[in-house]
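Reading through the structure tokens given below for one structure.
None of these values were measured; they are calculated from a predicted model.
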Amino acid sequence: MFKKEYLIETSDVDGLSELKLSSLFRYLQDAATEHAELLGVGQSKVLNNGMFWVITRYSVSINKMPSYFQKIIVYTYPGEGQRLVLPRLFKVTDEKGNVLIKASSSWVILDRATHHIVIDPFKDMVLPFEKYEGEEPLPNKVQSAESELVESRKVRYSDVDLNAHLNNTKYVEYIMDTHDFEFYKKYRVKHITINYNKELLADQIINIRSNHQLNEFISGDVEGQNIFDANIEFVER
């Protein structure tokens with residue numbers, strides 16, 4: 001199990017001095033990326049061979065969101081691989097070992113030229129997987145619901161990552177920005193599941209839709225093509 005410590009700084013918190021959900025996703029992504037490098041399946045094995053990692057689903061359960069200047073520890077490890085999908089698990093604790101957040105994710109490796117899933121990308125190399133009691137279940141497919149347009153948003157230069165598409169953490173920013181600050185004074189995220197269904201590229205305009213419920217269904221589409229689906233459970237503070 002890999003672990004990485006963070007001190008939560010001003011750039012990572014919101015107006016309530018809590019860690020932003022998008023910052024949490026960035027912490028998880030960075031820890032996963034660093035661990036992949038240590039396992040030998042990072043840049044030299046994947047990017048330099050015409051492939052790239054893509055996350056397809058996330059499930060995150062939040063007991064308590066950490067706050068400004070708090071030290072936290074992000075733990076991550078690969079789950080047991082499936083034929084095409086590579087799971088990765090996470091937990092976030094405070095310095096005393098109290099579990100604040102649990103998360104699971106599903107990843108695939110795509111060919112950079114064709115954007116098709118690569119079968120056996122590591123040439124029969126088997127990633128060492130781990131399993132622990134109390135893990136976050138692997139993310140399910142989000143079930144759609146009736147929803148209406150909230151806003152349309154253009155993908156800007158600063159939104160894209162090294163794969164030249166919208167980074168998974170930016171999706172979270174887009175989702176969270178559909179509510180105002182007054183809403184977050186009253187409600188917090190207890191659970192979120194995201195399905196990343198299609199790449200979103202620079203300069204595309206995404207239409208974001210919601211059913212406006214506390215058990216919220218929210219989705220994004222570009223010219224009728226579904227880009228992402230998410231389910232968010234909000235609870236009162």
Side-chain angles (χ1 to χ4, degrees), residues 1-2 25-61 74-91 102-132 134-144 160-172 175 191-201 204 206 217-222 224-231:
M1 184 185 294
F2 176 80
F25 272 62
R26 179 169 54 79
Y27 288 0
L28 300 182
Q29 174 184 269
D30 289 349
T33 300
E34 189 169 337
H35 193 208
E37 292 288 349
L38 292 174
L39 291 174
V41 292
Q43 180 172 344
S44 60
K45 192 76 172 182
V46 177
L47 291 178
N48 293 351
N49 286 289
M51 302 179 290
F52 61 102
W53 284 95
V54 173
I55 188 163
T56 60
R57 294 180 182 178
Y58 246 125
S59 177
V60 181
S61 294
V74 175
Y75 296 87
T76 185
Y77 53 94
E80 185 173 5
Q82 302 163 13
R83 182 169 181 270
L84 299 175
V85 178
L86 301 167
R88 177 167 282 275
L89 290 302
F90 305 86
K91 71 174 179 179
K102 295 190 297 182
S104 64
S105 57
S106 300
W107 299 71
V108 296
I109 293 179
L110 299 187
D111 183 279
R112 185 171 293 278
T114 66
H115 285 213
H116 293 161
I117 294 176
V118 179
I119 299 174
D120 192 20
F122 308 133
K123 306 301 181 187
D124 297 320
M125 171 185 172
V126 178
L127 287 177
F129 70 89
E130 302 177 53
K131 189 171 182 61
Y132 298 93
E135 292 176 337
E136 176 75 5
L138 292 180
N140 293 319
K141 179 178 174 59
V142 172
Q143 299 301 309
S144 62
V160 299
D161 60 15
L162 82 169
N163 295 322
H165 60 222
L166 190 72
N167 185 269
N168 76 84
T169 64
K170 286 291 185 176
Y171 284 86
V172 179
I175 289 168
H191 180 85
I192 181 169
T193 299
I194 303 179
N195 294 172
Y196 303 95
N197 300 321
K198 188 176 176 59
E199 292 173 287
L200 187 58
L201 307 177
Q204 288 187 308
I206 184 169
F217 169 74
I218 188 165
S219 66
D221 63 86
V222 173
Q225 286 193 319
N226 177 261
I227 302 297
F228 77 87
D229 293 312
N231 179 252

Could you check if a side-chain atom of [X] sits within less than 4.5 angstrom of a side-chain atom of [Y], using non-hydrogen atoms only?
X	Y	answer
V118	L110	no
Y132	M1	yes
I194	F25	yes
R88	Y58	no
E136	K91	no

Take the angle between the ring planes of Y196 and Y171 and call it parallel below 30°, perpendicular above 60°, tilted in between. perpendicular
Looking at [X] and [Y], what are the two nearest heavy atoms and their distance?
X	Y	answer
P121	I109	CG-CD1, 3.7 Å
M51	K45	CE-O, 3.5 Å
L84	V108	O-CG1, 3.6 Å
Q29	N167	OE1-ND2, 3.0 Å
H165	E199	ND1-OE2, 2.8 Å

Apply side-chain contact (heavy atoms from CB on, under 4.5 Å) to the pair I206 and F228, showing each step before the final yes or no. CA-CA 10 Å; I206 184 169; F228 77 87; 3.8 Å; yes
Test item: [X] side-chain N/O and [Y] main-chain N/O as donor-acceptor pair under 3.5 Å:
X	Y	answer
W53	V46	no
H191	V60	yes
S106	T56	no
K102	G134	yes

Partner set under side chain to side chain contact (heavy atoms under 4.5 Å, CB included) for N197, not counting sequence neighbours: N195, N226, D229
Option from N168, V172, L166 for which side-chain contact (heavy atoms from CB on, under 4.5 Å) with K170 holds: L166
Can you measure from OG1 (T76) to CD (E130) and round to the nearest 0.5 angstrom? 9.0 Å
Under 3.5 Å, is there a donor-acceptor pair between the Y77 and E135 side chains? yes
